[in-house]
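Take a look at the structure set out below.
Atoms within each ligand, like the ligands themselves, are counted from 1 in listed order.
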Amino acid sequence: MCPPAAAVIAVLTACAACAAGKSQQLNYRPIIGVLAQENLPGDQLAPAPSYIAASYVKYLEGAGARVVPIRINRTEEEYKKIFFSINGLLLPGGDVDIQTSQFTRAAKFFYELALKANNNGDFFPIWGTCQGFQQLTVFTANKNLLTLTNTKSVALPLTFTPAANSSRLFQSFPKDLMQSLSEENITANFHSWSLSIQNFTRNSKLKKFYKVLSTNNDGKREFISTMEAKHYPFYAVQWHPEKTPFEWINKPGMVHTTSAVAASFYTARFFISEAMKSQHHFSDLVEEERALIYNYSPVYKGVHAIFVQNYYFD
Ligand SMILES: *[C@@H]1O[C@H](CO)[C@@H](O)[C@H](O)[C@H]1NC(C)=O
Ligand SMILES: *[C@@H]1O[C@H](CO)[C@@H](O)[C@H](O)[C@H]1NC(C)=O
Ligand SMILES: *[C@@H]1O[C@H](CO)[C@@H](O)[C@H](O)[C@H]1NC(C)=O
Ligand SMILES: *[C@@H]1O[C@H](CO)[C@@H](O)[C@H](O)[C@H]1NC(C)=O
């Protein structure tokens, strides 16, 4: 016998509720911490010793988040307070020593807090771009396994692994975008160092921790271009999704096609959807307001600069 329609609806509603109840309510006011770093060596006119490229801020804002800058050279106490106030961390690209810099010191402190938090059921995502990708591999492997590649200024298509389609990151991408990413040269590569498949495969810590989602090749060596952690909401791209819509230096590797812009947006959208699962918050709105990036003004660096605008911090 068929149950009456009302009963079916009741059952469906109950199941939907239980699924929703399992995870907490989403946080639609997510705040992402972006870590500053020591200035580029060539940045002589910089008004202060550390910076955040404004493209990372716009990239996150464009996907529905607000940004809090995390300054280097701060106390662990201060970092801890920020950690429990924000809903995710972005480690940007750049050019610092990923073993000895103040950027690394701060990143490591947050990385370890994030491991512990996630282990305790306190969801906290991390996104690493380029240097951020490399930094995450150094933390996980507890050593630097990078190798030089010829990838300084080139746009490449992604070579997806069989794991890509079912990955958390790429699962939410439209099919036509996945096709563009796999066929068109639309991911901006601006790195000299890479994690080769060889070194990844030989290192049991990395292999255990990450799932490789895409690779690339500089003609000599195959390296990892996208990965996600198996048991943590940690994501790493060797390429630069934030450059596509927000940086305008005219050089090889910079692409502004419709599909390239879409690829940028979908990465940010995914990361912010992860941040929405974090319930961290500032102790009050005054503290929140004081921490936000709106308290700082970006400096225009010029149309030929690698970053069109930078935020600077003492
Ligand atoms: C960080 O501290 C070191 C020394 O402790 C100093 O040399 C450096 O200029 C500081 N950097 C920033 C951005 O404050
Ligand atoms: C592997 O890592 C070492 C550093 O530990 C590096 O010197 C070497 O070039 C890397 N090899 C490859 C193939 O990536
Ligand atoms: C596009 O990417 C391929 C690698 O898949 C590379 O061989 C080729 O040089 C790239 N083309 C351009 C115009 O960058
Ligand atoms: C992912 O799925 C699409 C079809 O939806 C398929 O064409 C493609 O080959 C798959 N990619 C990989 C790497 O398995």
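- The existence of a salt bridge linking Lys81 and Glu77 is excluded, since no basic side-chain nitrogen approaches an acidic carboxylate oxygen closer than 4.0 Å.
- Between the side chain of Ser101 and the backbone N or O of Asp97 there is at least one donor-acceptor pair closer than 3.5 Å.
- Atoms of ligand 4 lying under 4.0 Å from any heavy atom of Thr161, numbered from 1 in the order shown and given with element: 13 (C).
- Close approach of ligand 4 to Lys175 is summarised as follows: ligand atoms under 4.0 Å from at least one heavy atom of the residue are 5 (O).
- No cation-pi contact links Lys80 to Phe109, judged by a cut-off of 6.0 Å to the six-membered ring centre and 45° from its axis.
- Near Asn144, meaning under 4.0 Å from any of its heavy atoms, are these atoms of ligand 2: 4 (C), 5 (O).
- At a threshold of 4.5 Å between non-hydrogen side-chain atoms, the residues Tyr312 and Asn39 count as touching.
- Protein non-hydrogen atoms do reach within 4.0 Å of atom 11 (N) of ligand 4.
- Scanning the protein heavy atoms around atom 9 (O) of ligand 2, the nearest turns out to be Thr147 OG1, 3.4 Å.
- Between His256 and Trp248, the ring planes are parallel. Angles under 30° get that label, and only those over 60° would be called perpendicular.
- Here is the list of ligand 4 atoms found below 4.0 Å of a heavy atom in Asn165: 1 (C), 2 (O), 3 (C), 8 (C), 10 (C), 11 (N), 12 (C), 14 (O).
- Partner of Thr104 under the side-chain hydrogen bond (donor to acceptor under 3.5 Å, both in side chains) criterion, chosen from Gln99, Gln135, Gln37: Gln135.
- Asn203 places no side-chain N or O within donor-acceptor distance of the main-chain N or O of Asn199, the cut-off being under 3.5 Å.
- At a 4.0 Å heavy-atom cut-off, ligand 2 touches Asn199 through the side chain alone.
- A centroid separation of less than 6.0 Å is found between the aromatic rings of Phe223 and His191.
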For Asn87 and Met276, run side-chain contact (heavy atoms from CB on, under 4.5 Å): C-alpha distance rounded to whole Å, both residues' side-chain angles, the deciding distance at 0.1 Å, then the answer.
CA-CA 7 Å; Asn87 309 110; Met276 286 176 182; over 6 Å; no
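- Protein non-hydrogen atoms do reach within 4.0 Å of atom 5 (O) of ligand 3.
- The aromatic rings of Tyr51 and Phe307 sit tilted relative to each other, their planes meeting at an angle between 30° and 60°.
- Contacts between Pro252 and ligand 3 below 4.0 angstrom, taking non-hydrogen atoms only, are absent altogether.
- In this structure, atom 2 (O) of ligand 2 has a protein heavy-atom contact shorter than 4.0 Å.
- Looking from atom 7 (O) of ligand 2 to the surrounding protein, the closest heavy atom is Leu146 O, 4.7 Å.
- Taking all heavy atoms of Gln198, Arg202, Lys143 into account, the minimum distance to atom 13 (C) of ligand 2 is reached by Gln198.
- Scanning the protein for heavy atoms near atom 14 (O) of ligand 3, the closest one is Asn185 ND2, 3.3 Å.
- Less than 4.0 angstrom separates some heavy atom of Ser196 from each of these atoms of ligand 2: 12 (C), 13 (C), 14 (O).
- Within the 4.0 Å heavy-atom criterion, the part of Arg221 lying near ligand 2 is the side chain and not the backbone.
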